Every structure is written in structure tokens, then in C-alpha cells.
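Contents: one structure, followed by commentary.
By convention in this document, chain letters (A, B, ...) are assigned in the order of the sequence lines, proteins followed by strands, and residues within each chain are numbered from 1. Model, not experiment: these values are computed from the prediction.
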Protein chains: 2
Amino acid sequence: MKGNGVERVAARLRHRGRRMTVQRRAVLEALAALGCARDAETIHARARAAYPKLGLVTVYRTLEAFVADGVAHPVFFGDGRVRYDLSEDGGHHHHLVCLSCGRIARVDECHLPPSRRLGRPQGFTVTAHRLELFGYCPRCAPKA
Amino acid sequence: MKGNGVERVAARLRHRGRRMTVQRRAVLEALAALGCARDAETIHARARAAYPKLGLVTVYRTLEAFVADGVAHPVFFGDGRVRYDLSEDGGHHHHLVCLSCGRIARVDECHLPPSRRLGRPQGFTVTAHRLELFGYCPRCAPKA
DNA sequence: CTCAGTGCAAACCTTTTGCAATAGT
DNA sequence: ACTATTGCAAAAGGTTTGCACTGAG
């Protein structure tokens, strides 16, 4: 989603027979405001600022719908919780995760060879990939 | 671990005050026999062939010890379960995962630029990365 | 002989599901 | 109106923890 305005997303959802509710609007706005790779609980907390009655279960179901409709996508850091990013029409991005303070930074360039080449040796047709980088942010690097 | 013989691992564990037990031997052998990225339950089932009394909890604790000692490392496909690979001294590898049949293939070449360059724009010091490729294996690609 | 490791049962924590009530379109 | 969506409480599913017992070094 390039201009991920609420209207654009609403249209996208309606297309699939889905409805745009106050709850979904709140989750969408939280997602946009929080930025990269936030987990359901964080999104829930933030979205509650706009709609206090919002339940965590609704956040899970909303995120599920967003993922199915290509509005958002899951990100995994391997810490046992799923995080979510708003999808961008133009491309994808990866993340730098600070092992000391947990800070997350976007990496917009993807230095990987084209998909065709990646799976060729094993005869696989690659349709997606996930890449996460771990290390220390500028603030934590000196200490570590 | 290049020659990941039991003795080599045993020595590595002892070095840290750890002990080599029948259970750990069984888990280690299961890990080696099963190959790439297997989850605790699969490892448990396999290791039980060698040591039927083995409990799942012990598998988890053994894997935790192996990871701490650099004998194995976790792999995440984002399906809610942690998988494990025996570590190799020489380098690392990634995986190709078939979205249709679940088949997993090793990718030995890592086409990524050196760590220093990856985090430079954001000032991060990159110490590790995780890359998983998803798509369809030769058997499933035609149908998909 | 000592302390790391084991096994069982119970706890944990994130995510999912059932169901009656609610609200977009 | 019709049915997708919500919220609660409860269930699920992978992983972790407490504790008394066992066994490697």
C-alpha cells in the first residue's frame, strides 16, 4: 500500500466483502503510527487510545483480515510473537534488530539476487523470502 | 561443528561444565540423522528410537543447552514452532521451504553482502542474519 | 559425593475458537 | 434485513518451570 490512507484500505476490504469498522480503523491507524514490526499487544494498546473498548481478540482477527487482503504482513524475529507491518505496494523492506535494546530499523534496499536465481540450484520456484538482520544499534554498539 | 561426532560435542559440553548423557546423545544423533530444521517434537520422536524413556521436556532443555554451547541453532519459519539445525564450524546455511508440501532444502551459498555493509546506513553493527526462502519445490511447482 | 540433568505435572503466554450480541452496508 | 464483526470466556498449542529423583564425573 503506497498511500495507505484509511479510505484506500477500506475500499480494499469492501472489495472482498469485508467491512470497515471503528475497530479496524483504530488498528489501521495504530499500525501506521507505530511503524515497523509491532506485535498484537503493542498494536492493541495503541489502538485503544482511539477506541478503548477494543478487545485484543479483535486485533488478532483484524490483523488476520489485513494479511489476507494484502494490507499488512507478518514479521518474525523468533522471539515467540508475531509482528506486523503495513504492506507497501511498491516493494518490501527488511529489519535491523538491536539485540541489546530491541530497537528496530528499516532496511529498504534488498541486496538479494532475483528470486529465480535463489532457488535454481535446488529447482525451487521462489515466491517470497524473509530476511532479518541482528546486531547492535549505534547507541548500544559501544557498550557491546 | 564440522565433524560433529558425538565425542566432539561431548568435549564441547564438558568444557562448560556440562555432562554428556544418554539422552543428549540420542538428541544429538536424531539431529544429525534428521537433517535441516526439525522441530522439538520431530526430534523427540526420532530420538526415542534410541532412548524410549526420553521426555519431550528433556529435548527442549537439551536443545537449549546445545544452542548455548554453539552445537545447534534455532531456525524460524514463522509457523509457530522453533526448528533446530546442527551448527557447522565453517559457516552457515539458509533454507528453501516448499509452501505446498513443506519440503526443506539447504542453500549453502549466502548471497548477502558482508555484515559491515548491511547495517551501515543505519549505523548498526550486524552480527547475525536470518534468511529463509519460500516457494515451490520441483515436485509441487507444476501444480502451483 | 556432588551437582548437572531428568521426568512428570503444572504453569505460561501468545494465539485461536465458540457463541450470543452488535453493527456495517 | 442480512451477515460480517465484535467481545468475552474458554481452549489450544508450543515452550518453560518447580521439584524430587537419578546418574555422570
Check: Rounded to the nearest Å, what distance is computed from the CE atom of residue B/Met20 to the C1' atom of nucleotide C/dC3?
Finding: 18 Å

Margin query: So if I take every side-chain heavy atom of B/Arg81 and compare against C/dT15, D/dT15, D/dG7, which nucleotide ends up nearest?
Written below: D/dT15

Checklist line | Between P of D/dG23 and CG of B/Leu13, the distance in whole Å | finding: 19 Å

Next item on the list: Compare side-chain N and O positions of B/Tyr60 against OP1 and OP2 of D/dT16 and report whether any pair is under 4.0 Å apart.
Entry: no

Checklist line | Rounded interatomic separation in angstrom, taking CZ from A/Arg24 and C1' from D/dG7 | finding: 14 Å

Item checked: Spacing between A/Leu56 atom CG and C/dT16 atom C1', to the nearest angstrom -> 11 Å

Check: Between A/Val82 and A/Pro74, what is the shortest heavy-atom contact and its length?
Finding: CG1-CB, 3.7 Å

Margin query: With a 3.5 Å cut-off and heavy atoms only, can you find an N or O donor on one side and an acceptor on the other between the side chain of B/Arg19 and the base of C/dC3?
Written below: yes

Next item on the list: Would you indicate, yes or no, if D/dT22 has its OP1 or OP2 atom less than 4.0 angstrom from a side-chain nitrogen or oxygen of B/Gln23?
Entry: no

Next item on the list: Please confirm whether any donor atom in the side chain of B/Arg18 sits under 3.5 Å from an acceptor in the base of D/dG25, or the reverse.
Entry: no

Checklist line | Criterion salt bridge (Lys or Arg N to Asp or Glu O under 4.0 Å) on A/Arg12 and A/Asp69, from CA distance to verdict | finding: CA-CA 7 Å; A/Arg12 191 134 170 178; A/Asp69 293 351; over 6 Å; no

Notebook entry, point to check: Distance check: side-chain N/O of A/Thr58 vs OP1/OP2 of D/dG7, anything under 4.0 Å?
Noted result: yes

Margin query: By the definition side chain to side chain donor-acceptor pair (under 3.5 Å), identify the one residue from A/Arg106, A/Arg38, A/His95 that meets it with A/Asp85.
Written below: A/His95

Next item on the list: Would you tell me if any nitrogen or oxygen in the side chain of A/Thr21 comes within less than 4.0 Å of OP1 or OP2 on D/dA4?
Entry: no

Check: Considering residues, nucleotides and ligands other than B/Arg139, do more than 12 of their heavy atoms fall under 6.0 Å from its CZ?
Finding: no

Next item on the list: Let me know the distance between NE2 of A/His15 and P of D/dA4, rounded to the nearest Å.
Entry: 17 Å

Next item on the list: Could you work out which one of D/dA24, C/dT15, C/dG7 sits closest to the side chain of B/Val22?
Entry: D/dA24

Next item on the list: Can you check whether any acceptor in the base of C/dG24 is under 3.5 Å from a donor in the side chain of A/Arg14, or vice versa?
Entry: no

Notebook entry, point to check: Between A/Glu41 (CD) and C/dT15 (C1'), how many Å, whole number?
Noted result: 11 Å

Check: In whole angstroms, how far is the P atom of D/dC21 from the NZ atom of B/Lys53?
Finding: 17 Å

Next item on the list: Please determine, for the side chain of B/Val57, which listed nucleotide (D/dG7, C/dC8, D/dG14) has the closest atom?
Entry: C/dC8

Notebook entry, point to check: Atom NE2 of B/His44 to atom C1' of D/dT15: distance rounded to whole Å?
Noted result: 14 Å

Notebook entry, point to check: For DNA chain C, whose closest nucleotide is more 5', that of A/Glu64 or that of B/Gly17?
Noted result: B/Gly17

Next item on the list: Say whether B/His92 and B/His129, considering side chains only, have a donor N or O and an acceptor N or O under 3.5 Å apart.
Entry: yes

Notebook entry, point to check: Going by atom types alone, do B/His111 and A/His111 pair a side-chain donor with an acceptor below 3.5 Å?
Noted result: no

Next item on the list: Starting from the 5' end of DNA chain D, give me the residue, A/Ala65 or A/Arg48, whose nearest nucleotide shows up first.
Entry: A/Ala65

Notebook entry, point to check: Just checking B/Arg61: base, sugar-phosphate only, or nothing, at a heavy-atom cut-off of under 4.0 Å?
Noted result: base

